[in-house]
Structures are given as C-alpha cells and as structure tokens.
Protein chains: 2
Amino acid sequence: MLDGQERTIVDRVMREIFSLLLSGEIPLGGQLNEVALAERFQVSRGPVREAVKQLQGRGLVLKEPYLKARVVSLSLPEVIEVFQLREAVEGMAVRLATTAMSDDELDEMLSSFDTTAASDSAIDLDLHVRIAEGCGNDRIRRLLCDELYYLLRLYRARSGNRPGRRGDAFAEHWQILRAMRARDAQLAESLMRAHIGRATRSLQDVLIAEQDNSSKG
Amino acid sequence: MLDGQERTIVDRVMREIFSLLLSGEIPLGGQLNEVALAERFQVSRGPVREAVKQLQGRGLVLKEPYLKARVVSLSLPEVIEVFQLREAVEGMAVRLATTAMSDDELDEMLSSFDTTAASDSAIDLDLHVRIAEGCGNDRIRRLLCDELYYLLRLYRARSGNRPGRRGDAFAEHWQILRAMRARDAQLAESLMRAHIGRATRSLQDVLIAEQDNSSKG
DNA sequence: AATCCAAAAAGTGTTGACACTTTGTGGATG
DNA sequence: CATCCACAAAGTGTCAACACTTTTTGGATT
C-alpha cells in the first residue's frame with residue numbers, strides 16, 4: 001500500500017501514523033495532535049501536517065479548520081455501505097479476473113486454498129485481495145486493496161467480531177474459485193455477489209437488533 | 001464537492017487549482033510548480049504544498065520526491081477502467097435508489113427529463129448524478145460524484161469527443177427511469193449495466209482501432 | 001562539432017518562528 | 001454556589017529562510 005522507498009519524511013510519517021491506527025494506539029474516531037506526533041517522530045510540524053492532509057484526501061481523516069483532525073470512525077451503517085459497494089465492485093472484479101488470470105495463477109490459488117486452514121480471518125480477505133490483484137483493472141484494484149480492505153482491517157482490529165464473517169464463507173470461496181477455473185465469468189460474478197450480499201444481510205440483521213435493543217432499553 | 005466556507009488558505013488554493021484544471025490552463029499530465037502557484041495566488045508555499053498533498057491523496061495528482069507534481073492523465077485504457085468500475089457501481093446505485101427514492105423525487109426526475117433537450121452532454125451526467133445522490137449510500141455517492149464523474153469531466157474538457165457518448169443514450173436513460181418508477185430494482189440495475197456496458201464496448205472499439213492504426217503506420 | 005563535467009539555477013523538502021483560533025482556567029460578580 | 005468574563009494555555013494556520021535534489025547551462029576537452 002505504501003511506496004517501498006521512503007526518501008522523504010512525509011512518507012515515513014504517513015507510514016508511522018498508519019501503524020498507529022493499525023496497532024490501535026490511535027482509536028477510530030480519535031484525535032491527531034500535530035505537535036505530539038511531531039515530537040514523537042522527531043520532526044517538525046510541516047511533514048506531519050502534509051501527511052495528515054494526504055490522509056484527509058484519502059478520506060481516512062476528517063478535519064475542520066483550527067480543530068484537531070479526527071480519524072474516520074466506521075459506524076455499523078457505514079460498514080454496511082462498504083459492503084454494498086463491495087458487492088458491486090468485487091462482482092465486477094471476479095468477472096474480469098475470470099478472463100484475465102492465467103490457468104497457472106488459478107491453479108496456484110486453488111492449491112494454496114486447499115492447504116491453508118479454513119478458519120483464519122486473514123485468509124478470508126486473502127482470496128479477495130488476489131482476485132482484485134488479478135482482475136487487470138488497476139483502478140478497481142486500488143479501490144479495493146488501498147481503500148476498502150484497509151478500512152475493514154481497521155474496523156476488525158477494533159470491534160472484536162469480524163463483520164459479516166460466517167461459517168459457510170469457506171465453501172462459498174471454493175465455489176467461486178471453481179467457477180473461475182471453469183472460465184464461467186457470469187457464474188463467478190453471481191457467486192461473489194451472493195457471497196458478499198449474505199454478509200451484508202447478516203450485518204443488517206445486527207443493526208436491526210441493535211436498534212430494537214436501544215428502543216427497548 | 002468543496003466545502004462552502006473557505007476559512008483557510010489551503011481550501012482556497014485547492015479550489016483555485018481545481019478551476020485551473022477545469023479551465024484547461026493546466027492540462028492533464030501537466031506539471032504543478034509550487035513557487036509559480038504560490039506567486040499566482042499570493043501565498044507562501046506551505047498552503048500550496050498541503051493542497052497538492054491533499055489532491056495527491058485523492059489520486060488527482062501524482063508525485064515523486066523532488067520531482068514536480070504531475071496532474072493525473074487519463075489514457076484511453078484508463079478511461080475504460082473507469083467505465084468498467086462505473087458499470088458495477090452505478091448498477092448498485094440504481095438498485096438502491098429504486099427502493100430509496102420517493103415517488104415525488106422520481107416523478108420530478110421524469111418530468112424534468114421530458115422537458116430538457118436530449119442532446120446536451122451536461123444532461124447526460126445529470127441523470128447519473130441524481131441517481132448517485134438518491135441511492136442513500138453515501139460512500140457510493142462520493143465515489144461517483146467526487147471522483148469518477150470529476151475525472152470524466154476533466155477528460156471530456158480535453159479530448160473533444162465525449163467518451164462513450166452514443167445517440168441512443170437518451171432512450172436508455174428513459175427506460176432506466178421507467179424501471180425505477182415501476183420499482184423494479186432488478187430491471188433498473190440490468191438496464192444501467194447494459195447502458196454503461198455498451199459505452200464501454202464502444203470505447204474498446206476505439207482503442208482497438210487506434211492500435212491497428214499505430215501498427216500499420 | 002560532439003561529449004562530458006562542474007557550477008549555477010530552479011525546484012522541492014524541512015524547519016522554526018509568528019499569527020490566529022479554540023479551549024481551559026481562575027477569579028470577580030450576582 | 002452558579003455564571004460570566006478575562007486571561008493564559010494549547011493547538012492549528014501561515015510564512016520566510018535554509019537544506020537538499022534535480023535540471024540546466026556554459027565552457028573545456030576530445
């Protein structure tokens with residue numbers, strides 16, 4: 001996600017802020033203090049400000065003049081919005097990947113899929129990442145890998161439960177891979193959309209349950 | 001797209017750079033000179049740098065250390081990538097809008113659709129914008145209105161031809177609106193995807209023709 | 001004339017200082 | 001005791017100067 005070479009301080013600071021978010025030291029919705037960050041990283045405020053501005057452009061940080069920058073916080077409705085977007089975009093991604101990826105690539109995915117444990121949550125996103133990387137459309141790849149998956153990782157690192165994670169996801173992944181290997185782009189897209197759509201609906205159920213609870217209590 | 005109140009110089013500079021892009025004074029792929037921009041806007045380089053960093057975060061500007069920032073330039077393959085993404089996202093947008101928008105809103109769109117001239121290119125994107133705004137998913141709305149449509153406007157302002165613009169787009173728009181009014185989300189999504197898919201294919205035809213030309217000459 | 005290298009010029013990266021805004025504090029007032 | 005206002009403290013916004021990198025220039029060499 002970040003450039004390998006960090007020739008400039010701004011890049012380094014951005015990576016450091018990223019890792020502060022991943023580690024949870026700065027919580028979602030938390031505030032970013034320029035002087036504190038500058039002291040911590042032993043730099044002046046300029047690079048910190050530019051790094052924050054770049055994060056703001058990415059939508060990871062919200063800011064109003066003269067107020068501290070706030071890390072974006074994903075509410076459950078916002079996570080649902082991300083999932084609705086994923087359903088559309090990942091459907092297209094798998095459609096494109098089904099024709100763009102080589103037999104060897106697909107076989108490799110299938111074999112590594114068989115050997116790895118099914119229940120690992122990192123594995124869950126892994127298939128989606130590899131499809132995004134294999135779809136051949138760089139704009140779609142960036143949207144998924146650099147924005148949406150990143151947000152979901154942050155969200156998962158906080159709320160212990162993994163949004164939309166269900167037991168039969170493993171079997172659904174396998175079906176998607178089979179459809180890709182059979183070069184059935186239409187089927188692969190349908191399966192992927194159903195896969196993410198089910199996760200979306202389980203999130204909506206949670207949301208409704210929460211609303212019922214709050215209205216009762 | 002931009003905040004109404006510009007309490008800070010950075011915001012003003014960002015808007016000014018935007019208008020330089022829209023007006024074509026800075027061409028796609030052109031370079032941004034910090035000192036020249038600073039002098040032009042009568043500010044120091046700090047705000048200019050922060051504005052550029054924010055644009056970089058948005059993906060509108062590319063930058064490598066110690067080299068001048070370059071405005072992103074859309075090649076035809078990249079425009080096709082945008083259209084493939086649009087096909088997926090706008091399909092979902094119209095699906096959501098079909099259930100989210102009120103009868104009054106849809107009727108208003110239908111009537112304003114009848115009265116306006118069909119061939120205006122601004123009208124073309126207008127329907128898409130209103131669907132994006134009415135879909136109720138703010139993340140999808142921002143992706144379409146703040147990023148993709150903006151890029152396409154820039155591209156159209158340059159290359160005289162409007163990408164994917166065909167004569168029967170008007171009739172297709174009308175069909176989509178009818179499906180929405182009939183609350184047939186599935187049909188509306190199919191029509192929208194077909195609508196954008198046809199535009200994508202006409203772009204791909206242009207690309208193939210260009211490649212043939214260059215290989216011959 | 002063409003090539004190469006050093007110095008100057010132009011441009012970007014970073015810093016510390018200063019100006020402005022917001023927030024917190026403490027005392028005077030009712 | 002509560003309220004309000006002035007003042008200090010903290011934090012953000014902007015600027016001008018300096019350091020570093022890249023590009024250009026101009027001449028020396030072949």
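Lettering follows sequence order; numbering is per chain, from 1. Below, all heavy atoms of this structure are taken into account, side chains as well, without hydrogens, waters or symmetry copies. Owing to the predicted nature of the structure, the values given are computational and were not obtained by experimental measurement.
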Peer 1: Specify the separation, in whole Å, of atom CZ of R49(B) and atom C1' of dA19(D).
Peer 2: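 Those two atoms, CZ and C1', are 13 Å apart.
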Peer 1: Does E16(A) come within less than 4.0 Å of R40(A), counting only side-chain N to carboxylate O?
Peer 2: no
Peer 1: Can you measure Q42(B) atom CD to dT14(D) atom P for me and round it to whole angstrom units?
Peer 2: 15 Å
Peer 1: Give the rounded distance in Å between these two atoms: CD of E39(B) and P of dG11(C).
Peer 2: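 To the nearest whole Å, that distance equals 9 Å.
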Peer 1: Looking at K68(A), does any N or O in its side chain come under 4.0 Å of the phosphate oxygens OP1/OP2 on dG13(D)?
Peer 2: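 Answer is no, no contact under 4.0 Å.
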Peer 1: Just how far, in rounded Å, is P of dT21(D) from OH of Y66(B)?
Peer 2: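 So the OH-P distance, Y66(B) to dT21(D), works out to 5 Å.
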Peer 1: Let me know the distance between CD of E34(A) and C1' of dT14(C), rounded to the nearest Å.
Peer 2: 15 Å
Peer 1: Taking the nucleotide of DNA chain C with the nearest heavy atom to each, does I9(A) or P65(A) sit closer to the 5' end?
Peer 2: I9(A)
Peer 1: Check every atom of dT22(D), dT14(C), dG11(C) against the side chain of L67(B) and return the nucleotide holding the closest atom.
Peer 2: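 Of dT22(D), dT14(C), dG11(C), dT22(D) is nearest to the side chain of L67(B).
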Peer 1: Has R7(B) got a side-chain N or O lying under 4.0 Å from the OP1 or OP2 atom of dT22(C)?
Peer 2: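 It does, given that an N or O in the side chain of R7(B) lies less than 4.0 Å from OP1 or OP2 of dT22(C).
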Peer 1: Would you call D126(B)-R130(B) a salt bridge at under 4.0 Å N-O?
Peer 2: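 Looking at D126(B) and R130(B), the cut-off is met.
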Peer 1: Looking at dG13(D), I'd like to know if its phosphate oxygens (OP1 or OP2) sit under 4.0 Å from a side-chain N or O belonging to K53(A).
Peer 2: no
Peer 1: Check for me whether R153(A) meets the cation-pi criterion with Y150(A), that is, NZ or CZ under 6.0 Å from the six-membered ring centre and within 45 degrees of the ring axis.
Peer 2: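 Output no; distance or angle outside limits.
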Peer 1: Using atom CZ of R45(A) as one end and atom P of dG11(D) as the other, report the distance to the nearest whole Å.
Peer 2: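 Rounding to the nearest Å, CZ of R45(A) and P of dG11(D) are 10 Å apart.
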Peer 1: So, OP1 or OP2 of dT12(D): does either fall under 4.0 Å of a side-chain N or O from T8(B)?
Peer 2: no
Peer 1: So what does L32(A) hit on the nucleic acid, given a heavy-atom distance under 4.0 Å: a base, only sugar-phosphate, or nothing?
Peer 2: sugar-phosphate
Peer 1: Atom CZ of R70(B) and atom C1' of dG11(C): how far apart are they, to the nearest Å?
Peer 2: 16 Å
Peer 1: Does E81(A) come within less than 4.0 Å of R142(B), counting only side-chain N to carboxylate O?
Peer 2: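 A salt bridge is absent here (no side-chain N lies under 4.0 Å from a carboxylate O).
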Peer 1: Without decimals, in angstroms, what is the distance between N33(B) CG and dA10(C) C1'?
Peer 2: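 Answer to the nearest Å: 8 Å.
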Peer 1: Remember a base hit wins even if backbone is also touched, and classify G46(B) as base, sugar-phosphate or nothing at under 4.0 Å, heavy atoms.
Peer 2: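 Nothing: the residue G46(B), judged by heavy atoms under 4.0 Å, touches no strand.
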Peer 1: Do E34(B) and R45(B) meet the salt-bridge criterion of a basic N to acidic O distance under 4.0 Å?
Peer 2: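 Judged by the 4.0 Å cut-off on N to carboxylate O distance, R45(B) and E34(B) do form a salt bridge.
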